[in-house]
Trainee: 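I am attaching a structure below and will ask some questions about it afterwards.
Whatever order the structure lists them in is the order used to number ligands and atoms, beginning at 1.
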Amino acid sequence: MGQGIDPAELEAWDDQFVWHPFTPHSVYRSEEPLMIVAGEGNYLIDARGRRYLDGVSSIWCNTFGHRRAEIDAAVTAQLGRIAHATFLGNASAPGVVLAKRLVEITPKSLTRVFYSDNGSTAVEIALKMALQYWQLRGKPGRKRFVGLGNAYNGDTVGAVSVGGIDAFHERFRPLLFDVLRAPSPYAYRCGLCAGHDACIGSCTDALETTLKAHADEIAAVVLEPGFQGAGGIITLPEGYVRRVREVTERLGILLILDEVAVGMGRSGRMFACEREGVEPDFLCIAKGLTGGYLPLAATLATDEVFDAFLGAPEEARTFFHGHTYTGNALGCAAALATLDIFEKDEVIAGLAAKITALRAALRPLAGHPNVGEVRQYGLAAGVELVADRATRASFPAAARIGMKVCHAARDKGVFLRPLGDTVVLMPPLSITGDQLATLGDAVLHGLQTVLP
Ligand code: PMP
């Protein structure tokens, strides 16, 4: 296995040569990271031949399992033609065909596709386009962005600026631009609706107040519709996104929807914005776009935005942004095969039953005394663990409870990766009912092992 290299040697080289993302290296080896050498369907296979159900779809991107025959074949066929040719001032065929298909399946406001390599850059591009759009429309004063608390839109500097998770973002403050911050719709830890038994939408009111107060300075609102993923699968209340769209439209503010995590079927629809009939000005997609195979992202924009960038070259209305691998042919071929599978297998129609099965698999978890809240949106769930259910007090970070629970779930052949003390379930859309039950059992086993 593992390029023919002994597992212990691979681990030694990993310890010696590699710097892993979002990883405290002081505890990395002691937390027994997986060394993956292969995959098969919804399973990962490690260097010692052990198999794990991929409960987080390789960080939320794998759509139809690993080594899906049709995607393998599409990428192989594309390799037989060309792996990559530049998209800068030129075209390569798979990217053109994919753009047409993406415009066909996204809300009708979106008519243009701009490619990049990952979710962060998809957001970064939307921010830069929005800023330049207002300059080109003669309103350069509209240059501020609005983001929510607990938002996560990626790791590049613009995406970090609009992000709202202190643990990830605060350290970089000196690099970041100032953003208007609206409250996170985090019902479980929300102080805004104090005095009421249930949410009365005070966070939405607060966002509207901010938008009205600064309307003339705001370029765009950036929002993860459906759920705030890295914030801990914080689910947005029904109607939230529609209301933001109504208010932004009324005030002439652009709306950037970040569907990097929730798009491509995760919500139970192709895109979460369909649920509330919202048509954004920008839509950012990545992760599942290639079925989880290759780094490809897209920022979709409207005609109104695209047209603002038209003019003679010397007018410099051009959007000066583009990456070497923009429109990569292998990635686009994988994405086209992914869209074919969505159609051929009627994937979206099959999701309702899986979403119900996930709900059933989660039900036993709610009874555990350290489960504060179980949140589900489509085929995604977050199980927030607390030291004390009554006070909702968190565990000390040093206890690494979420990590330990996920590690213990491996006894049941399941691989999970938490967000702090929120255990995340984000399986491939190809997961079966039985496998969903296994996921639920594995988390319960993890809880009972770590927090007996
Ligand atoms: N936006 C959202 C909502 C995400 O969840 C993520 C990644 N988890 C990103 C953007 C960034 O995507 P990437 O990691 O591909 O840069």
Side-chain angles (χ1 to χ4, degrees), residues 20-23 54-63 114-128 145 147-165 167-169 172 179 184-186 220-236 240-241 244 255-267 271-273 280 282-300 321 323 325-326 328 331 334-335 338 375 377-382 416-420 422 424-428:
H20 288 272
F22 284 97
T23 301
D54 189 355
V56 286
S57 56
S58 296
I59 304 302
W60 319 355
C61 69
N62 186 275
T63 315
F114 192 100
Y115 292 113
S116 60
D117 316 348
N118 57 74
S120 309
T121 51
V123 172
E124 203 80 22
I125 285 161
L127 297 172
K128 288 174 76 177
F145 290 90
L148 302 191
N150 290 315
Y152 178 85
N153 307 100
D155 294 335
T156 51
V157 168
V160 170
S161 294
V162 290
I165 302 177
F168 297 160
H169 302 146
F172 301 109
V179 160
S184 169
Y186 189 7
V221 174
V222 186
L223 198 64
E224 297 161 82
F227 58 82
Q228 296 188 291
I233 321 297
I234 296 168
T235 54
L236 269 54
Y240 186 96
V241 184
V244 175
L255 177 61
I256 299 170
L257 291 185
D258 174 353
E259 293 221 21
V260 168
V262 76
M264 301 303 295
R266 179 66 57 194
S267 69
F271 299 102
C273 58
F282 297 96
L283 181 71
C284 304
I285 55 178
K287 289 195 185 274
L289 177 58
T290 61
Y293 267 58
L294 286 156
L296 180 76
T299 305
L300 284 92
H321 182 119
H323 305 282
Y325 286 104
T326 286
N328 176 256
T338 298
R375 298 183 283 272
Y377 188 96
L379 209 57
L416 296 169
R417 179 172 165 84
L419 287 160
T422 296
V424 176
L425 301 178
M426 191 88 73

Trainee: What distance do His323 atom NE2 and Glu124 atom CD have between them, rounded to the nearest 0.5 Å?
Mentor: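 So the NE2 of His323 and the CD of Glu124 are separated by 8.0 Å.
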Trainee: Checking contacts here: is it the side chain or the backbone of Trp60 that comes within 4.0 Å of ligand 1, counting heavy atoms only? Could be both or neither.
Mentor: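 For Trp60, the contact with ligand 1 is made by the side chain alone.
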Trainee: So if I count the atoms of ligand 1 from 1 in the order they appear, which ones are less than 4.0 Å from some heavy atom of Asp258?
Mentor: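 What qualifies from ligand 1 is 1 (N), 2 (C), 3 (C), 10 (C).
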Trainee: Which residue holds the protein heavy atom closest to atom 9 (C) of ligand 1, what is that atom called, and what is the gap in Å?
Mentor: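 In this structure, atom 9 (C) of ligand 1 has Val260 CG1, 3.7 Å as its nearest protein heavy atom.
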Trainee: For a side chain to side chain contact (heavy atoms under 4.5 Å, CB included) check, start with the C-alpha distance between Gln228 and Leu148, then their side-chain angles and the critical distance, and finish with the verdict.
Mentor: CA-CA 9 Å; Gln228 296 188 291; Leu148 302 191; 3.6 Å; yes
Trainee: List ligand 1 atoms under 4.0 Å from Asn118, heavy atoms only on the residue side.
Mentor: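 So the answer, numbered in order with elements, is 15 (O), 16 (O).
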Trainee: So is Lys287 in contact with ligand 1, going by heavy-atom distances below 4.0 Å?
Mentor: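 Distance cut 4.0 Å: Lys287 passes for ligand 1.
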Trainee: Please round to the nearest 0.5 Å and tell me the distance separating atom OG of Ser116 and atom CG of Asn328.
Mentor: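 Nearest 0.5 Å value for the OG-CG distance: 12.0 Å.
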Trainee: With a cutoff of 4.0 Å, is Gly229 in contact with ligand 1, counting heavy atoms of the residue only?
Mentor: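 Flag not set, Gly229 not near ligand 1.
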Trainee: Taking the side chain as every heavy atom from C-beta outward, state whether Glu224 and Val262 have any pair of such atoms under 4.5 Å apart.
Mentor: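 A side-chain contact is absent here, since even the closest heavy-atom pair is not under 4.5 Å.
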Trainee: Could you give the distance from CG (Leu223) to CD (Glu259), rounded to the nearest 0.5 Å?
Mentor: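 Leu223 CG to Glu259 CD: 9.5 Å, rounded to 0.5 Å.
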Trainee: Starting at OG1 of Thr338, measure out to CG of Leu294 and round the result to the nearest 0.5 Å.
Mentor: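 Result: 9.5 Å between the selected atoms.
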Trainee: Under the criterion side chain to side chain contact (heavy atoms under 4.5 Å, CB included), which of Thr156, Val222, Thr299 is the partner of Leu127?
Mentor: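 Answer after filtering Thr156, Val222, Thr299: Val222.
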Trainee: If you measure from atom 14 (O) of ligand 1 to every heavy atom of Ser120, Pro225, Gly163, which option wins on shortest distance?
Mentor: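 Result: the heavy atom closest to atom 14 (O) of ligand 1 is in Ser120.
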Trainee: State the atoms of ligand 1, each with its element, that fall below the 4.0 Å cut-off from a heavy-atom position in Ala261.
Mentor: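 Checking each atom against Ala261, I get 5 (O).
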Trainee: Taking only heavy atoms of Gly119 into account, list the atoms of ligand 1 that are under 4.0 Å away from them.
Mentor: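 The atoms of ligand 1 under 4.0 Å from a heavy atom of Gly119 are 11 (C), 12 (O), 13 (P), 15 (O), 16 (O).
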Trainee: Any idea which part of Asn153 is under 4.0 Å from ligand 1, heavy-atom wise: side chain, backbone, both or neither?
Mentor: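 Just the backbone.
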Trainee: Tell me whether Val123 has any N or O atom under 3.5 angstrom from an N or O of ligand 1.
Mentor: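 N/O-N/O distance below 3.5 Å does not exist for this pair.
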Trainee: Checking a contact table here: which protein heavy atom is nearest atom 6 (C) of ligand 1, and how many Å away?
Mentor: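 The protein heavy atom lying closest is Tyr152 CE2, 3.6 Å.
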Trainee: Give the numbers and elements of all ligand 1 atoms closer than 4.0 Å to a heavy atom of Glu224.
Mentor: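 Numbered from 1, ligand 1 contributes 3 (C).
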Trainee: Step by step, would you call Leu257 with Phe271 a side chain to side chain contact (heavy atoms under 4.5 Å, CB included)?
Mentor: CA-CA 10 Å; Leu257 291 185; Phe271 299 102; over 6 Å; no
Trainee: Among residues at least two apart in sequence or on other chains, which ones pass ring pair (Phe, Tyr, Trp, His ring centres under 6.0 Å) with Tyr325?
Mentor: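 Once residues adjacent in sequence are excluded, the partners of Tyr325 under the ring pair (Phe, Tyr, Trp, His ring centres under 6.0 Å) criterion are His84.
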